[in-house]
Structure formats: C-alpha cells, structure tokens
Amino acid sequence: MERRHRRTRKEKLEDELIKTEEAIEQYTAAIASMEERRQSLLEEIESEHIREVTKLLKEKNMSVEQLKSLLGDMTSEELAGQGA
C-alpha cells in the first residue's frame, strides 16, 4: 500500500489562495448583478414618479408647459417646503 503524500504548508496555502480567489470572483459577480438590479429599480422608481406626475397633470387638466410655468414662478424655498 502506497503512502499518501503529505501536503506541505506551502501547498495548503496555495489551495487556500485559490479558494479565496474563487470566492472573490463569485462575490464580484454578485455585486455586479446587485448593482444592475439597483439601477433597474432606480429606473422603475423614476418611471413611477413620471406616471404619477402625468396622472396628476391629467387630473388637473394641465399641460407640461403650464407645470413648467407654475414651477418656474416658485422660489427654491417654496419648492422645498412643498415636498415636506
């Protein structure tokens, strides 16, 4: 019966390094995927905001130009107070 080769400390460290690098690759891929999902969600939220504004404009029977004019007449302080 042949004796099994005993792994050296260097071999063990090299194996651990390979496992660590593989884990880094997996986490990097997961982060990239999460960042794509984040961007998609931000775009969906923005689209929803646009839908809400469009709905409100229709309810108030206003055009985009009327909204621009209305907002253009307001000061920054007034606009900030409206969102609160």
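If you're wondering where the values come from, they're calculated on a predicted model, not measured in any experiment.
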Checklist entry - So, for Glu11 and Arg7, which heavy atoms are closest and what is the spacing to 0.1 Å? => result OE1-CA, 3.1 Å
Checklist entry - Taking C-beta and beyond as the side chain, do Leu57 and Gln66 meet within less than 4.5 Å on heavy atoms? => result no
Checklist entry - Measuring from Lys55:NZ to Arg51:CZ, what's the distance to the nearest 0.5 Å? => result 12.0 Å
Checklist entry - Counting only heavy atoms not in Asn61, do more than 12 fall under 6.0 Å of its CG? => result no
Checklist entry - Are Met34 and Leu41 co-members of a hydrophobic cluster defined by side-chain heavy atoms under 4.5 Å apart? => result no
Next on the checklist: Is it true that, when you exclude Glu52 itself, more than 12 heavy atoms of the residues, nucleotides or ligands shown sit nearer than 6.0 Å to its CD?
Outcome noted: yes
Checklist entry - Looking only at atom types and distance, does a side-chain atom of Thr28 sit under 3.5 Å from a main-chain N or O of Ile24, one as donor and one as acceptor? => result yes
Checklist entry - Glu44 versus Ser40: any side-chain heavy-atom pair under 4.5 Å? => result yes
Checklist entry - Got a donor-acceptor contact below 3.5 angstrom from the Thr20 side chain to the Glu16 backbone? => result yes
Checklist entry - Do Met62 and Leu56 pass the side chain to side chain contact (heavy atoms under 4.5 Å, CB included) test, and can you show the C-alpha distance, the side-chain angles, and the key distance before you say yes or no? => result CA-CA 8 Å; Met62 290 179 67; Leu56 185 60; over 6 Å; no
Next on the checklist: When you measure from the side chain of Ser47 to the backbone of Glu43, do you find a donor-acceptor pair of N or O atoms at a distance under 3.5 Å?
Outcome noted: yes
Next on the checklist: Before you tell me yes or no, could you show the steps for Val64 and Lys68 under side chain to side chain contact (heavy atoms under 4.5 Å, CB included), namely the whole-Å CA-CA distance, both residues' side-chain angles and the distance that decides it to 0.1 Å?
Outcome noted: CA-CA 6 Å; Val64 174; Lys68 285 181 185 178; 3.9 Å; yes
Checklist entry - Going from CD on Glu22 to CG on Leu17, what distance comes out if it is rounded to the nearest 0.5 angstrom? => result 10.0 Å
Item to check | Note, Val53 side chain near Leu67 side chain (heavy atom, < 4.5 Å) | outcome: yes
Item to check | 4.5 Å side-chain heavy-atom contact, Lys58 and Thr54 | outcome: yes
